[in-house]
Every structure is written in C-alpha cells, then in structure tokens.
Amino acid sequence: MELSKNYEPQAIEQKWYTYWNDKGYFHSEPDERPAYTIVMPPPNVTGVLHMGHALNNTVQDILLRRARMQGFNTCWVPGTDHASIATEAKVVGMLREKGIDKNTLSRDEFLKYAWEWKEKYGGIILQQLKKLGCSLDWERTHFTMDDAYYKAVMRVFVELHRKGNIYRGVKMINWDPQALTALSDEEVLHKETQSKLTYVQYRIDSDIEEYITIATVRPETILGDTAVCVHPDDERYAHLKGKFCFVPLINRRIPIIFDEYIDKEFGTGALKVTPAHDINDYNLGQKHQLEIVDTLNPNGTLSEAAQLYIGEDRFAVRKKIVEDLKASGNFVKQEDYTNQVGVSERSGAVIEPRLSMQWWCSMEEMAKPALEAVMNDDIRFFPSKFKNLYRHWMGNIKDWCISRQLWWGQRIPAWYDKAGNIYVGENAAEALAQFQQQQPGGSMEDLRQEADVLDTWFSAWLWPMEVFGWNEDGNNKELAYYYPTNTLVTAPDIIFFWVARMVMAGFEFKGKKPFNQVYFTGLIRDKQGRKMSKQLGNSPDLLQLIDDHGADIVRFSVMISSPAGNDILYDEAFLEQGRNFSNKIWNALKLVKMWESRTDEAATLNHFATGWMQARIDEARQQIETLFVDFKLSEALKLTYSLIWDDFCSWYLEWVKPGMNEPMHPTVYQQTLSLFEDLLQLLHPFMPFLTEEVFHLLREQPADLIVRQLPAAAARNEQVLLQGRLLQELITAIRDTRNKNQLKPKDTISLFVDSANTMFYTAAGNILQRQVNADTLEATNAPVNGAMTLVVQTEKLYLQSHAAVDTGVQKTKMEEELQYLKGFLVSVDKKLSNEKFVQNAKPDVIANERKKQADAEAKIKTLEESLSLL
RNA sequence: GGAAGCAUAGCUCAGCUGGUUCAGAGCGUCUGCCUUACAAGCAGAGGGUCCGCGGUUCGAAUCCGUGUGCUUCCA
C-alpha cells in the first residue's frame with residue numbers, strides 16, 4: 001500500500017465517525033461495569049459552534065474517551081436549551097424580515113412559527129459537534145422544551161409553590177426595555193461607562209430664595225423624584241430639617257429627608273430620591289414612606305406620570321432635559337464621571353430597575369445543602385479557587401426572579417379567576433379542579449392562565465436528572481445507574497446561572513448531588529488577550545478551521561494552549577504545531593511500514609532500545625494518570641506529544657533503525673509496532689481520528705483503538721531509564737563537540753571510552769556509535785593523544801577525528817564547567833558543614849547532599865585530569 | 001466601595017507539602033545540515049536580580065507582611 005506524503009485528515013475523519021457511531025461505541029446501556037457519565041451543558045438551540053464550545057466539548061470528549069479505555073461504561077448526553085430570550089429574539093427578527101409584527105400574532109401563532117424555526121435551524125450545533133469528533137450518545141438527545149421535560153418543569157414549579165418557596169410579588173427587578181421582560185440579577189452585566197454627572201439645584205420652599213444642589217447621572221429621572229436626602233450629621237444641610245423643595249420643571253413639592261445611608265463626600269452630599277427607578281432609592285422610599293412615581297413605560301419611553309416628554313426615549317430625554325434645566329436656571333454644572341451601567345446579557349440593552357409584579361423563588365433554604373456539598377468537597381471543584389466565588393454567592397443569595405414576559409418557554413402553570421385568586425397546578429385540569437372546589441360549576445372559561453413563561457435556567461437546573469427520566473420515575477434503572485453524573489465541564493461564567501442551581505435542584509428534588517466534580521475551563525481569548533466576540537470579529541470560524549485543518553488538529557490547538565482553569569490565549573499558530581505533529585506521526589508510520597518487508601532473524605536483536613522505550617511509556621502512563629486526575633489535560637497532552645516526538649521518533653526510531661539495506665529483527669519489528677500502538681492509544685483521547693487511522697494501518701487489529709483497554713500500571717524499569725538518560729547525554733555531548741569543532745555530519749570519528757561501566761557499552765555501545773557516526777568504539781584507561789576530551793556524568797570520552805581540531809573550544813567549555821562545579825561543591829560543602837543544617841534537615845535531604853558532594857568531587861577530578869592533558 | 005486571583009526566558013505558561021535531577025516546557029530566535037520517514041524536517045546553541053522591599057528559616061521562585069502593576073467577580 002502506498003502512503004501519501006503527508007497526513008490528510010479530510011479523507012478519513014468522516015469515515016471514522018460514521019464507523020464508530022454505527023458500531024454503537026457511543027451508545028450506553030446500564031450494565032455491570034461502572035458508569036462514567038457526563039451531561040453536556042446544553043448549548044442554545046439557536047447556537048452555532050464557536051471556540052468556547054470547541055474547548056468545552058473537546059475536554060468532555062477527552063475525559064470520555066479515556067474513561068472508555070479504562071473500562072468504564074461511558075455515557076455522554078447531548079442536547080440543547082430552548083434559551084427563551086435569545087430564541088424569541090431570533091424568531092421575532094425572522095418574522096420582522098418576513099414583514100410580520102409579533103404583536104399582530106396570537107401566542108399560539110407565534111409559537112407555531114417558533115417551533116417551525118426550531119425544527120429547521122435548532123440543533124445545527126449538535127451536527128457540528130459530530131465534526132469535532134464528540135463521542136456523544138445520540139440516542140439520548142434531549143431538548144429542554146420536550147414534552148416530558150416540560151412536565152418535569154411544571155412539577156417542580158408546583159412542588160416549590162406548594163412548599164411556599166415560590167411566590168408572586170412586587171419588587172424592584174431588572175427590566176430589559178428592548179426584550180420587554182424581567183431579568184434575573186445574573187443576567188445583568190455591569191459595564192464601565194463614561195457618563196456625565198449633572199448638578200441640579202432644587203428651590204427650597206421658603207421665604208428666601210434658597211436652593212439645594214444634587215448630583216445625578218440620570219437627570220431624566222428627576223421627574224420621578226419624591227424626596228431629596230442628606231446625611232443627618234451634615235452641617236451644610238442641618239438647617240433644612242423638616243423643609244420641602246420643588247422638583248425643577250414640574251414643581252412637585254417633595255420633602256428633604258435625613259438618612260445615614262448618604263455618603264457625605266459624594267457629589268454635593270445631597271441625593272435625589274427616585275423610588276421607582278433605583279433599587280437604593282426604593283429602599284429609602286420604603287423606609288421613609290415616600291410616594292412612588294413611575295415615569296417610564298416598559299419600552300423605555302417616558303410615561304404620563306412624568307408629565308413632560310411623554311413618549312420620548314429615556315436617552316433622548318437625558319440630553320433634552322439638561323437644556324431645559326439650563327433654561328429654567330436649575331442647571332449648575334456637568335462633570336465627566338465613570339460609573340457601572342447594567343446591560344442585558346442577551347439583548348445588550350441598558351437595564352432599567354423597575355418595580356414590577358413577578359414570580360419569585362426563595363433560595364435560602366435550598367442554598368444550604370448546596371453550599372455545604374461544595375465546601376466539604378462532596379462535589380469537587382477544579383480549580384478549587386472557584387469554591388470562594390461559589391461560597392460568596394451562595395452565602396449572599398437573593399430570591400430568584402423566575403418569570404419572563406415572553407412566549408417561548410414553559411408557561412407558568414398558574415391560573416387566575418375573575419376575582420384574582422390564583423390556582424397553581426401541573427396542568428389546566430388540575431387548576432380547574434381546584435377552582436371548582438371554590439366555585440362549584442366553574443369552568444375553564446372563568447380562568448385565565450398566567451401569560452409569563454419561566455426563566456430558561458428554571459428548566460436547565462433539572463438537566464442532569466431529567467435526561468435520565470427523573471419525572472417519569474424517580475427510581476428508574478437509568479437514573480440509578482448514571483446519576484450522580486461524574487464530571488460537569490463548563491465555563492466559570494455560568495457558575496451561578498447553572499452550576500449552583502443544578503446542585504440545589506439535585507438535592508431538593510432528587511436528594512442527591514447532580515455530579516461528583518466540576519471542571520471549569522477558562523475563557524477563550526485571542527492572542528492579545530481580548531475576549532472572543534462577534535463584535536470584535538476576533539473569533540475564528542470553527543467549522544472553517546475544521547474543514548481546513550481537520551478536527552484532530554483543531555482539538556490539538558485548543559488543548560495545547562489551555563492550562564487548567566486559566567483563560568486560553570488562542571493563536572492559530574497552534575494549528576501549525578498540530579499539523580506538524582500529525583505529520584510527524586504519519587511519517588513515523590511510513591518509516592515503520594518500510595521495515596515490514598525487511599525483517600530477518602539474522603539481524604541484531606536490539607534489546608536496549610525496546611526495553612528503554614517500554615520503560616519510558618510505563619513512566620509516562622503514571623504521569624498522565626496523575627495529570628488526568630488533576631484535570632491538567634493540557635499538560636497531559638504536552639507530555640504525550642513529547643513522548644511521541646522526542647522519545648519515540650527522535651530517539652527510539654533512530655536507535656532501532658537498521659543500517660542502509662540491512663534487515664531488522666522480526667522481534668524488534670513486532671515490539672516497535674506494539675510500542676507505537678501504545679503511544680497511539682495514549683494520544684487517542686486528544687486526537688481520535690488520526691490515531692484510529694494509523695492504528696489500523698500499522699497492522700491487522702483485533703479491535704478498534706477507541707475501545708482498546710489501557711493496561712494496568714506497570715512498574716517502570718528505573719535502571720534502564722537511567723541508562724537511557726546516560727546514552728542520550730553521551731550522544732548529545734558528542735554531537736555538540738562535533739558541531740563546535742565544525743565536523744561535517746559525514747566525517748567519522750574514533751571514540752574511546754574510559755569507564756567502569758562496561759555493561760552499559762555492551763548493551764548500548766552500538767547505538768552510541770551509530771548516533772554519533774563513530775567508526776570505532778574502544779575502551780581505554782589512559783588518555784588518547786591528540787584527541788578531543790569530554791566528560792559526561794563520570795564517563796571520560798576521547799574523540800579522534802581526521803579533520804583538524806581546535807582544542808581551545810573544548811578547553812574553554814571544560815574550564816567553564818569545572819568552575820561551575822567547584823562553585824557548586826563549595827555551596828554543598830558549606831551546607832554540610834553547617835551544624836544547624838545537619839541537625840534540622842531530614843535524613844534523606846542530607847543523604848542527597850552527600851551524594852551531590854561525592855558526584856561533584858568525582859566529576860571535578862575527572863575534568864581536572866582531562867584538562868591537564870590538553 | 002467589597003472580595004478573589006495573577007506577576008517566572010522575547011511570547012504563552014509549568015513549577016504540589018521550602019532543600020541544584022529546581023530555575024523548566026512549548027513556541028519564537030541563532031548556528032550547522034536536502035543524513036536510509038518527515039525541510040511541515042534533523043542536529044545543536046543561546047536566553048531569566050523567578051515584579052520591588054522587608055521578614056521567617058541553616059536554606060525562599062516556593063511561606064508571611066508590604067508596595068506596585070494587571071485581571072476577574074460582586075455592589
């Protein structure tokens with residue numbers, strides 16, 4: 001078979017994905033093996049694959065594939081989230097393009113369009129994950145608005161309502177004037193903004209002309225002012241006790257109140273109080289029984305209550321009112337001011353704090369077990385630094401605003417009768433039954449269902465339970481087998497939205513944690529450290545990357561740059577590194593295949609190289625296991641990369657490579673194949689396609705790599721590892737000497753060794769000789785005349801060359817090393833002659849120092865001898 | 001305003017419970033090579049007051065304090 005010059009991912013990836021899937025490797029059914037379960041954080045049904053998904057899902061796939069090779073019954077559940085706000089916005093936009101105004105549609109008509117849209121475009125992202133190689137159990141795909149899932153959400157709503165944990169009430173909420181819905185605190189982002197601080201004077205109601213000056217960044221809210229507040233200890237305003245002043249332009253007479261909440265240093269020390277439009281002002285208003293004047297309409301324009309500018313947008317009014325205040329003589333001055341402005345995470349609109357009737361879920365009780373489970377590591381966080389963040393939020397948890405003024409989502413299962421009484425039931429029939437107990441003979445006609453839907457996260461928090469059919473049967477076989485799931489992989493920005501709430505839901509409804517551990521990946525930034533975003537256009541088109549480079553290489557590039565828990569700075573240069581790596585493996589395959597027809601029993605049987613490579617793999621296996629346990633996946637990949645490239649390709653293959661036109665011993669050939677297969681297996685979780693392909697090209701395989709089982713850890717052969725290290729050092733040192741003396745690669749040398757370690761040269765001498773192009777290798781116990789001398793560990797070597805040599809270079813190098821060693825010896829001696837050190841340090845530390853001392857002394861002696869001969 | 005995290009080679013980062021196998025890796029840089037798979041490669045090399053200052057200790061990149069700079073979260 002002819003192998004192409006370079007590795008060509010496009011040709012093979014689709015083939016393997018289909019093959020694995022058809023073979024059923026991705027599907028899981030409960031059996032006698034231990035389960036390893038991951039539920040995928042469901043992406044928005046409107047979503048398309050971006051770098052964040054690529055990182056997140058690659059990590060999950062790596063964990064899954066490794067667990068599969070460790071004998072676990074692996075199950076990875078895919079699915080999508082209905083994402084109320086984002087999806088509704090998309091559908092509204094799509095309708096607008098068709099010339100349809102949402103407001104002209106009934107709820108049912110709108111939902112019909114929304115479902116059509118979802119069926120057509122929703123879940124594209126899941127198809128894209130197939131291209132990435134994700135070994136998802138497609139038979140278990142879920143959607144948070146599936147019928148069964150919908151029922152589960154209804155059930156938990158009703159249960160919590162029955163317990164009194166869900167209630168309806170008027171509170172200050174975050175209002176999105178663009179999406180026209182309430183948002184939870186978590187959906188509001190605070191952005192630093194350049195604003196203007198406007199100083200305005202209010203006329204005091206008194207006989208003399210007197211004013212009090214306030215400062216505000218929102219002058220348009222003046223029309224809703226119902227008090228001015230100052231600090232009780234502020235002498236500047238002490239004389240105003242019990243007085244009133246007038247709101248400019250509309251002349252509303254409002255009291256001057258005193259409260260310690262005021263910061264005397266800020267602005268003028270006098271605060272205008274607008275209880276309808278600011279949470280702090282609202283609290284002040286409650287305390288002082290102030291009137292509430294709501295001057296804004298839901299869409300952000302001014303309401304009739306404002307008296308002025310009715311129907312005009314809040315931002316337009318902000319500019320306009322300043323001019324009018326100037327005209328009226330109330331304007332004092334304006335200053336630049338930087339403040340934090342809340343914007344909607346979804347629509348980007350500036351949030352209005354607004355008083356509104358909403359549905360709330362009380363959290364305090366549910367937070368307790370959820371907090372404890374994380375603090376005592378019953379649920380482990382990686383990296384653990386996120387425990388702090390979690391504790392802080394859970395410790396100060398506020399009630400959750402769960403109603404959204406939208407149509408796309410689970411409609412709140414509450415019905416009102418004409419008198420305004422509320423009936424909560426899992427469906428209309430239940431609510432009707434309750435109603436009929438009050439009103440015998442009442443009918444559905446008398447009831448009206450709540451128009452609002454539930455926050456998307458109110459369904460998402462059930463994800464790890466409901467994908468295994470919790471609502472239908474809370475003790476079903478699947479739930480018992482797969483739940484709690486093993487690992488949740490997500491980004492830290494949804495730790496409150498989702499992670500914390502899943503933990504709460506798990507304990508509340510199932511009585512068990514939803515997962516054993518949570519691994520938080522970093523955020524992906526560009527190489528300048530900026531967050532990837534559509535606005536900046538710095539996010540690469542992932543599907544294009546996969547088409548251009550192949551999924552393995554994209555996975556490699558994402559993982560190699562991804563230190564555990566830290567943000568990753570993505571640079572497309574990593575793609576090049578991945579491509580080079582793929583080619584390296586491909587070429588190693590080609591080389592090995594060339595030996596297939598050259599095997600001959602008469603060839604030398606090279607024990608040293610195969611034994612050493614086996615020991616290196618054994619050593620690496622242990623290290624990789626530790627790294628995986630700590631979720632240091634990037635490190636594990638780097639280690640595997642280096643094991644394959646450096647140890648296997650650069651050293652091992654060169655060590656076993658037969659001479660030109662010479663045969664290879666069949667045992668060495670078979671061992672080489674085995675070693676190569678082991679390496680491919682270690683790499684498989686990271687680069688599944690390439691490794692499966694090469695694995696099958698190596699030789700006829702009894703099983704596919706994806707399900708090949710990793711062996712139990714073997715004790716590594718330390719002796720061989722040390723010898724391998726010595727061999728490498730000898731080769732490097734000799735090559736360096738050759739380089740420094742400008743010997744051409746083709747120039748041969750004669751090599752003499754003064755060593756007590758004859759066994760080593762018997763085993764590895766022929767490798768050494770070939771690797772440094774020495775035509776002879778002889779033992780000696782005396783210096784060799786006219787030869788270059790070098791010392792490696794305690795081995796003394798003499799190189800003789802036919803080309804002219806400059807001993808000066810060698811001498812300088814040896815003198816430098818001698819000087820370093822002497823300095824080193826001094827520091828060790830000092831340490832050992834320090835009584836306190838000898839008394840306090842642990843015995844093994846002291847023993848180590850003595851060994852260092854002895855080694856250094858021996859080497860100094862050797863170097864000095866050699867130098868004296870130059 | 002409150003809290004957390006970070007600062008190590010040109011860049012991105014490892015360095016767990018203090019002790020020269022601990023001053024490292026990858027990429028980049030420099031030098032020499034078209035050597036029986038790979039120039040998308042091979043063989044070598046150079047490069048750091050471990051942010052400043054102080055302390056604990058026989059010993060500090062590592063622990064403590066402090067200053068500076070950056071990042072994030074919360075209000």
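Naming: A, B, ... by sequence-line order, numbering from 1 per chain.
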- Item | Sugar-phosphate only, base, or nothing, as touched by A/Thr732 at under 4.0 Å among non-hydrogen atoms | sugar-phosphate
- Rounding to the closest angstrom, what is the interatomic distance between B/C53 and B/A43 at atom C1'? 46 Å
- Message: Check this one for me: any side-chain N or O of A/Tyr390 less than 4.0 Å away from OP1 or OP2 of B/A3?
- Response: no
- Query: Does the side chain of A/Asn580 get closer than 4.0 angstrom to OP1 or OP2 of B/C38 through an N or O atom?
  - Reply: no
- Message: From C-beta outward on A/Asn6, which listed nucleotide comes closest to its side chain: B/A40, B/C58, B/A37?
- Response: B/A40
- Query: Rounded to whole angstrom units, what separation is found between the CD atom of A/Gln623 and the C1' atom of B/A14?
  - Reply: 13 Å
- Paired nucleotide for B/C6 [Watson-Crick or G-U wobble; both distances under 3.5 Å]: B/G69
- Between B/A4 and B/U49 - P atom distance, rounded Å: 32 Å
- Message: So, taking the atom named CD1 in A/Ile560 and the one named CG in A/Leu633, what distance separates them when rounded to the nearest 0.5 Å?
- Response: 11.5 Å
- Please work out if A/Tyr641 contacts a base, only the sugar-phosphate, or nothing of the nucleic acid, heavy-atom cut-off 4.0 Å. sugar-phosphate
- Given the P atoms of B/A61 and B/G52, what is the spacing between them in whole Å? 11 Å
- Query: Hey, what's the ring geometry for A/Trp645 with A/Tyr641, parallel, tilted or perpendicular (30° and 60° as the breaks)?
  - Reply: tilted
- Starting at the 5' end of RNA chain B, which residue's closest nucleotide do you reach first, A/Arg770 or A/Val188? A/Arg770
- Query: Which is true for A/Trp645 with a 4.0 Å heavy-atom rule: it touches a base, it touches only sugar-phosphate, or it touches nothing?
  - Reply: sugar-phosphate
- Query: Can you tell me how far the CD1 atom of A/Ile734 sits from the CD1 atom of A/Ile749, to the nearest 0.5 Å?
  - Reply: 5.5 Å
- Message: Any N or O donor-acceptor pair under 3.5 Å from the base of B/A40 to the side chain of A/Asn583?
- Response: yes
- Message: Taking the minimum atom-to-atom distance to the side chain of A/Arg579, which one of B/A4, B/G26, B/A40 wins?
- Response: B/A40
- Task: Check every strand shown and say whether A/Asn396 touches a base, only sugar-phosphate, or nothing at a heavy-atom separation below 4.0 Å.
- Result: nothing
- Query: Taking the same atom, C1', in B/G65 and in B/A9, what whole-Å distance lies between them?
  - Reply: 29 Å
- Between C1' of B/C74 and CG of A/Asn280, the distance in whole Å: 14 Å
- Item | Interatomic distance at C1', B/U62 relative to B/C73, whole Å | 27 Å
- Task: May I ask you to say what A/Glu849 touches in the nucleic acid, namely base, sugar-phosphate or nothing, with a heavy-atom cut-off under 4.0 Å?
- Result: sugar-phosphate
- Respond yes when some side-chain nitrogen or oxygen of A/Arg735 is under 4.0 Å from OP1 or OP2 of B/G44, and no when none is. yes
- Which whole-number value in Å describes the distance from A/Gln769 CD to B/U35 C1'? 17 Å
- Is A/Gln577 touching bases, backbone alone, or none of the nucleic acid, heavy atoms closer than 4.0 Å? sugar-phosphate
- Quick one: A/Leu832 CG to B/G59 C1', roughly how many Å, whole number? 13 Å
- Task: Using a heavy-atom cut-off of under 4.0 Å over every strand shown, decide if A/Lys5 touches base, sugar-phosphate, or nothing.
- Result: sugar-phosphate
- Item | Geometric cation-pi criterion A/Arg501 and A/Trp400, 6.0 Å radius, 45° cone | yes
- Message: Regarding A/Ala588, tell me which of base, sugar-phosphate or nothing describes its non-hydrogen contacts under 4.0 Å with the strands shown.
- Response: base
- Item | Geometric class of the A/Phe631/A/Tyr519 ring pair [parallel <30°, tilted 30-60°, perpendicular >60°] | parallel
- Message: Taking any heavy-atom pair under 4.0 Å as a contact, classify A/Met660: base, sugar-phosphate, or nothing.
- Response: base
- Query: Does one side chain, of A/Thr274 or A/Asp278, offer a donor that lies under 3.5 Å from an acceptor on the other?
  - Reply: no
- Task: Could you state the atom-to-atom distance from CH2 of A/Trp651 to P of B/A43 in whole Å?
- Result: 7 Å
- Quick note, A/Lys744 side chain, CB onward, closest among B/C33, B/A40, B/C74 is B/C33
- Just name whichever nucleotide pairs with B/U29, Watson-Crick or G-U, keeping both distances under 3.5 Å, else none. B/A45
- Query: Using a distance-only test with no angle check, is there a side-chain donor-acceptor pair under 3.5 angstrom linking A/Arg850 and A/Gln853?
  - Reply: no
- Item | Complement of B/G18, any strand, by Watson-Crick or G-U distances under 3.5 angstrom | none
- 5′-ward residue of the pair A/Lys836/A/Cys649 relative to RNA chain B: A/Cys649
- Note on the structure: The Watson-Crick or G-U wobble partner of B/A37, with both key distances under 3.5 Å, is none
- Message: Suppose you measure atom C1' in B/C16 against the same atom in B/C58; what distance do you get, rounded to whole Å?
- Response: 24 Å
- Query: Rounded to the Å, how far apart are A/Trp595 CH2 and B/C38 P?
  - Reply: 13 Å
- Query: Picking from A/Thr610, A/Asp647, A/Asp646, A/Thr672, what satisfies side chain to side chain donor-acceptor pair (under 3.5 Å) with A/Tyr652?
  - Reply: A/Thr672
- Item | Under-4.0 Å side-chain N/O to phosphate OP1/OP2 contact, A/Lys632 with B/G15 | yes
- Query: The side chain of A/Lys590 lies closest to which of these nucleotides: B/C58, B/A37, B/C74?
  - Reply: B/A37
- For nucleotides B/A40 and B/G28, find the distance between their P atoms and express it as a whole number of Å. 12 Å
- Message: Distance check needed: B/U72 C1' versus A/Phe496 CZ, whole Å only.
- Response: 11 Å
- Task: Look at the side chain of A/Glu635 and decide which nucleotide, out of B/A40, B/A4, B/A14, has an atom nearest to it.
- Result: B/A14
- Non-hydrogen atoms of A/Lys387 and A/Phe381 that approach each other most closely: N-CD2, 3.9 Å
- Looking only at atom P, what distance separates B/G5 and B/G15, rounded to whole Å? 16 Å
- Nucleotide opposite B/C63 in a Watson-Crick or G-U pair, distances under 3.5 Å: B/G55
- Donor-acceptor pair under 3.5 Å: do we get one between A/Glu654's side chain and the base of B/A37? yes
- Item | Distance test, side-chain N/O of A/Lys584 to OP1/OP2 of B/C42, below 4.0 Å | yes
- Task: May I ask you to say what A/Ser650 touches in the nucleic acid, namely base, sugar-phosphate or nothing, with a heavy-atom cut-off under 4.0 Å?
- Result: sugar-phosphate
- Query: When the distance from NZ of A/Lys387 to C1' of B/U72 is rounded to whole Å, what number comes out?
  - Reply: 20 Å
